[in-house]
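All chains are named by letter (A, B, ...) in the order of the sequence lines, taking the proteins before the strands, and each is independently numbered beginning at 1. Excluded from the calculations below are hydrogen atoms, water molecules and symmetry mates; all remaining heavy atoms, backbone and side chain alike, are included.
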There are 2 protein chains.
Amino acid sequence: MAITPAAGSPRSASVKDVAATAGVSLGTVSNVLNRPERVSRTTRERVERAMADLGFVRNESARSLRTGSTQSLAYVMLDAGNPFFTDVAQGIELAAEAAGLSLFLCNSDGRSAREGAHLAHLQQQRVQGILITPVDPDDPQLDQLIERGTPVVIVDRTRAGSSFCSVAVDDVLGGRLAVEHLIDAGHKRVAYVGGPESIGQVRDRGEGARQAWAEAGLPPEDLVMLSCEAPTVACGRAAGERLVGLPARRRPTAAFCANDLLALGLLQQTISSGRTVPGDLAIVGYDDIEFAAAAAVPLTSVRQPRHDLGRRAAELLLDEVGNPTHQHEQVVFTPELIARASTLGRP
Amino acid sequence: MAITPAAGSPRSASVKDVAATAGVSLGTVSNVLNRPERVSRTTRERVERAMADLGFVRNESARSLRTGSTQSLAYVMLDAGNPFFTDVAQGIELAAEAAGLSLFLCNSDGRSAREGAHLAHLQQQRVQGILITPVDPDDPQLDQLIERGTPVVIVDRTRAGSSFCSVAVDDVLGGRLAVEHLIDAGHKRVAYVGGPESIGQVRDRGEGARQAWAEAGLPPEDLVMLSCEAPTVACGRAAGERLVGLPARRRPTAAFCANDLLALGLLQQTISSGRTVPGDLAIVGYDDIEFAAAAAVPLTSVRQPRHDLGRRAAELLLDEVGNPTHQHEQVVFTPELIARASTLGRP
DNA sequence: GTCCATGCCTAAATCGTTTCATCGGAGGTC
DNA sequence: GACCTCCGATGAAACGATTTAGGCATGGAC
């Protein structure tokens, strides 16, 4: 076992070196790598031995240059700090793994510039396809990607009359479910705690809330629209303080938050300021992340099928990559309200 | 503006096409790309125009094949679903962005096989370097990586007498801090809720707990070691049920959990079973993730400098990549106990 | 008018792999 | 023994960029 690691690593071994060591031609080494069944067993073993001895590592750049394709997908997430997106990513991962592709995760962190840089880089890398929860689904850079041959699937958003596949959840419906639930529980003044209007998900959920409110015949001014800088825990806390600041007769008795981070922040602020949930304020979140159920006052939330969202998106992308008769498809999942103590009162 | 997108995308344009369109040689196009100052303004503009018209996208495979290096780093995370690691990743991201490199995130999800597959693939991609929170820091595959020329920095773990850089937090100290805090609060029976012993962090924190307990002269059997299958919220809940199952006189009055996910699960189970925190059970977590402070009974936790951990790790890697006189370094940060209501009682 | 320096561009070699047409030899058939 | 078939291995030609050594004007100095 004369292991000879390229100690000083002058340059890593190439197929040529392997071929020389094994005393075969370079094409044979390649065959061992790609079509082992075409190589006789003795030769194959000799080559494999040489590869091990030399510490050969296949150069993926050269491979994909020659073949014109890579073995990777990428998911560009909107916010890696939000467990919702990491769960979506996990769904994607499973599908990618099953297809034998590796998945790169990139985080745009809600910033267009970062998103753009990631997309440009991925395009240069010639990844097979890109899944993305975009900062702005109408960004022309996305069109440019498909024009230039990189398939793109939009995750958790849709685009009108689109030339993309997309997988989303009906956020308007989700907003309705949340607010109808609060109306059913008898609330007459409700706050919608949203993030910045620039986020489509925030707009849609707010729209659903408005629709439900209007259909119940309640006066529009009693649905208080609060918008936050970002859909984060910290902003949820800040929103709580703004609610407390309202005069008692105008203060909502319930709040629907655009996501669970906001809801958890609001929950925390409410309780630590000595009020009770749901007694003084009922709270509904959105996404049903794991921490929602684990909150000490378990959070009522609108559940999205996070894993399925990711898995289905990856499947669509794989179809687009592999199937010449692929048809673009806009999948819309249906959200579901999970009622818990934060709106139900304690037993 | 005769924009001519490669509509049917027969094949994307190469430098050769750009050269032909601009009426210059191929080397000139490359100069425009890499050393624009060497090209006269008129030629440069002509070339840039041609690139735009053809929708030219530089082929990164070819570039890195020729130059022998890529513009990317990777971080292989232990658990993308744990906010602690996404925060570490964010710190890394910032440092990578500042250095003009792109960062790929990979998730091993605690599985050696996945980790191995990611590492092999990254090595083939010839990434500049790899940051990793390994399933097992003694995995020989890590040695093999550096032997073959890919720098590796270990994050949130250390390795004895190592030929790696590493950045970690003193987990033994963290365990001591947590348990000393509980002892100071007068607890005489404490549970350590750990994950599987195979996880180094879990072992070290437990060891710290034991040390603090012994030094206080308390009987070892009153530090109840509970181990869970995985350090997750669900397992935290299960641990709560096991605690309740203990006979009252042996039941701990406080629990120190190996991470915040466990602690949140335990917190939830405790409260929903009608007991109070910290009245019936005081709880200390570990990591101080954002959701710890946001829990309705804010969680006392051992804070790790998550962003600094990531940033410093990335800096070490960048130094190793760029500085020929680089010396391996083992950075150890000091954790800090953040006391909150889950151990302090309510005002 | 000659010579040289300078600025800008060209041509060719190269990176490591895959692929394809080809070739040699072993074995079977007549 | 001549011929055909296979099987396995070979070698050269790509892939698309970067790099380097040189070439060809232009213009200034003498």
Side-chain angles (χ1 to χ4, degrees), chain A residues 6 9-48 50-51 54-71 120-121 123-127 148-149, chain B residues 6 9-48 50-51 54-71 121 123-127 148-150:
Chain A
S9 66
R11 183 181 308 157
S12 60
S14 73
V15 277
K16 200 188 289 181
D17 303 320
V18 174
T21 305
V24 298
S25 87
L26 178 159
T28 300
V29 177
S30 178
N31 279 333
V32 170
L33 251 20
N34 301 296
R35 306 181 216 54
E37 73 284 0
R38 286 204 199 163
V39 182
S40 73
R41 200 165 67 86
T42 59
T43 308
R44 176 155 42 85
E45 284 171 355
R46 199 145 38 92
V47 171
E48 282 165 350
M51 296 201 284
L54 293 172
F56 170 73
V57 176
R58 193 213 223 114
N59 185 323
E60 173 66 19
S61 297
R63 200 195 74 79
S64 64
L65 169 60
R66 179 58 236 236
T67 65
S69 82
T70 59
Q71 298 302 315
H121 192 236
Q123 193 178 11
Q124 294 185 3
Q125 297 255 12
R126 302 289 193 273
V127 292
R148 297 187 181 170
Chain B
S9 67
R11 184 181 307 158
S12 62
S14 74
V15 278
K16 199 189 291 183
D17 303 319
V18 173
T21 306
V24 297
S25 88
L26 179 157
T28 300
V29 178
S30 177
N31 279 332
V32 170
L33 249 22
N34 302 296
R35 306 183 215 55
E37 73 284 359
R38 287 203 197 162
V39 181
S40 72
R41 201 164 66 85
T42 57
T43 308
R44 176 155 41 85
E45 284 170 355
R46 201 144 39 91
V47 172
E48 282 165 350
M51 296 201 284
L54 293 173
F56 170 74
V57 176
R58 194 213 226 113
N59 185 323
E60 172 66 18
S61 296
R63 200 197 72 78
S64 65
L65 169 59
R66 179 60 233 239
T67 64
S69 82
T70 60
Q71 298 302 315
H121 191 237
Q123 191 178 12
Q124 294 183 3
Q125 297 257 10
R126 301 291 195 271
V127 293
R148 298 186 179 169
T150 306

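Listed by chain and number, the residues in a side-chain hydrogen bond (donor to acceptor under 3.5 Å, both in side chains) with Arg44(A) amount to none (sequence neighbours excluded). Residues that satisfy the side-chain hydrogen bond (donor to acceptor under 3.5 Å, both in side chains) test with Arg46(B), not counting sequence neighbours, are absent from this structure. Thr21(B) pairs by the side-chain hydrogen bond (donor to acceptor under 3.5 Å, both in side chains) definition with nothing, not counting sequence neighbours. Taking Thr150(B) as the reference, nothing meets the side-chain hydrogen bond (donor to acceptor under 3.5 Å, both in side chains) condition, with sequence neighbours excluded. The salt bridge (charged side-chain N to carboxylate O under 4.0 Å, His left out) test applied to Arg66(B) returns no partner, not counting sequence neighbours.
The shortest distance between the side-chain N/O atoms of Ser40(A) and the OP1/OP2 oxygens of dC7(D) is not below 4.0 Å. The phosphate of dT18(C) has OP1 or OP2 within less than 4.0 Å of a side-chain N or O from Arg58(A). For the pair Ser14(B) and dG16(D), the criterion of a side-chain N or O lying under 4.0 Å from OP1 or OP2 is not met.
If you measure from atom CE of Met51(B) to atom C1' of dA17(D), you get 13 Å, rounded to the nearest angstrom. Summarising the geometry, the separation between NZ on Lys16(A) and C1' on dT14(C) is reported as 9 Å, rounded to the nearest angstrom. One can place CZ of Arg63(A) at 21 Å from P of dC15(C), the figure rounded to the nearest angstrom. When rounded to the nearest whole Å, the span between CG of Leu65(A) and C1' of dT14(C) equals 12 Å. A straight line from CG of Leu33(B) to C1' of dA17(D) spans 9 Å, rounded to a whole angstrom. Atom CG in Asp17(A) sits about 9 Å away from atom P in dT17(C), given to the nearest Å. In this structure, Gln71(A) places its CD atom 11 Å from P of dT18(C), rounding to the nearest Å. What separates CG of Asn59(B) from C1' of dC15(D) is a distance of 8 Å, to the nearest Å.
Residues Arg58(A) and Asn34(A) bring a donor and an acceptor atom of their side chains to less than 3.5 Å of each other.
Here Val24(A) lies in heavy-atom contact (under 4.0 Å) with sugar-phosphate atoms only. Residue-level contact check: Thr28(A) touches the bases, meaning some heavy atom is under 4.0 Å from a base atom.
The 5' end of DNA chain C is approached more closely, in terms of each residue's nearest nucleotide, by Arg44(B) than by the other of Ala62(B) and Arg44(B).
Of the possible polar contacts, one joining the Arg126(B) side chain to the Gln123(B) backbone as a donor-acceptor pair under 3.5 Å is found.
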Below 3.5 Å is the cut-off: list the nitrogen or oxygen pairs between protein and nucleotides 19-26 of chain D, distance only.
from, atom 1, to, atom 2, distance (Å)
dT19(D), OP2, Arg35(B), NH2, 3.1

